[in-house]
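Remember, it's 1-based here, ligands and their atoms both numbered in the order they're listed.
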Amino acid sequence: MTDFIVYGVPASPFVRKTEAFLHHVGAEYEFENVNIMGMPDWFVEISPAKRIPVLRDKTIGTEGILGTIADSSAIAVFLEKRFNAGLFGKDAYEAGRIAWFEEFADTSLAMTIGMEVFRPIVFPAFGGNPPDLEKAKAGWNEKLPPIWDYFETSLEGKEYLVGDAYSQADIALGAQMSQLTLITNLPDAAKYPNLIRHTKLIMAKPGFVNNLDKAGAMLGMVVKEKVDLS
Ligand SMILES: N[C@@H](CCC(=O)N[C@@H](CS)C(=O)NCC(=O)O)C(=O)O
């Protein structure tokens with residue numbers, strides 16, 4: 001009997017954020033898959049934005065809205081308080097910086113990876129068709145580099161994004177960067193040494209290993225061969 005349920009799909013980088021946090025604090029949880037192509041009414045009730053993940057804390061409520069939190073960032077705030085996790089820095093400025101990196105990874109980076117690389121590779125594969133390589137390569141070569149550059153510079157001489165400790169900023173960045181490894185390669189380590197070192201460090205954390213194993217098995221059924229965008 002666990003205290004938590006994660007509703008979602010492991011291949012979602014936002015679900016990965018939640019699983020990484022839960023693993024970090026050592027909380028056991030059940031996982032309930034949600035069909036995001038046709039979300040059932042009970043799920044829309046707890047996620048009116050029609051997004052995964054949602055977390056349920058069963059000690060608060062076992063049915064309906066009570067006990068649920070939607071949105072990976074809101075879930076992280078909840079879990080931080082619930083477990084005194086130490087993933088939001090040691091002072092006000094660090095907390096603000098962490099929230100900023102999380103926001104930037106969750107929006108600009110996630111949107112660009114999702115729309116410009118993930119969709120052109122995965123969506124055709126659902127219909128047994130080859131990837132839209134032209135679109136994926138344009139995203140890879142033109143849209144992603146300015147965002148990667150920002151994180152590369154932010155990680156200069158540092159193991160983690162904020163202070164000298166693992167934080168929600170690292171979880172958020174790692175969740176999006178590791179999404180690439182499910183369908184293609186990572187960007188060139190010669191161009192982005194800090195970002196690649198960071199991505200590998202974060203991907204080795206147990207919560208990431210657990211999620212990426214499940215996500216890889218699921219996506220591997222659709223994308224039979226990873227696409228080389230290097
Ligand atoms: N801000 C949300 C974003 C979540 C999100 O965009 N999830 C995607 C999956 S990766 C989703 O639920 N998509 C469903 C849809 O677009 O219909 C969070 O942090 O949880």
Heavy-atom neighbours of K58 NZ exceed 12 at 6.0 Å: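 Enclosed: over 12 neighbouring heavy atoms sit under 6.0 Å from NZ of K58.
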
Other residues, nucleotides, ligands: >12 heavy atoms within 6.0 Å of K143 NZ: no

I'd like to check [X] versus [Y] (side-chain heavy atoms, cut-off strictly below 4.5 Å). Are they in contact?
X	Y	answer
L22	L55	yes
F43	N35	no
L144	P187	no

[X], any N or O under 3.5 Å of ligand 1 N or O:
X	result
S72	yes
K17	no
I52	yes

What residue and atom, counting heavy atoms only, is the protein's closest point to [atom], and at what distance?
atom	value
atom 15 (C) of ligand 1	R51 NH1, 3.4 Å
atom 14 (C) of ligand 1	K50 O, 3.6 Å
atom 1 (N) of ligand 1	D71 OD2, 2.9 Å

Per-atom contacts, ligand 1 versus P53 - under 4.0 Å to a heavy atom: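 That gives atoms 20 (O) of ligand 1.
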
Proximal ligand 1 atoms for S12, defined as those under 4.0 Å from one of its heavy atoms: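 Matching atoms, with element in brackets: 9 (C), 10 (S).
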
Aromatic centroids of F208 and H24 separated by under 6.0 Å: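 No, the ring of H24 stays outside the 6.0 Å limit from the ring of F208, centre to centre.
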
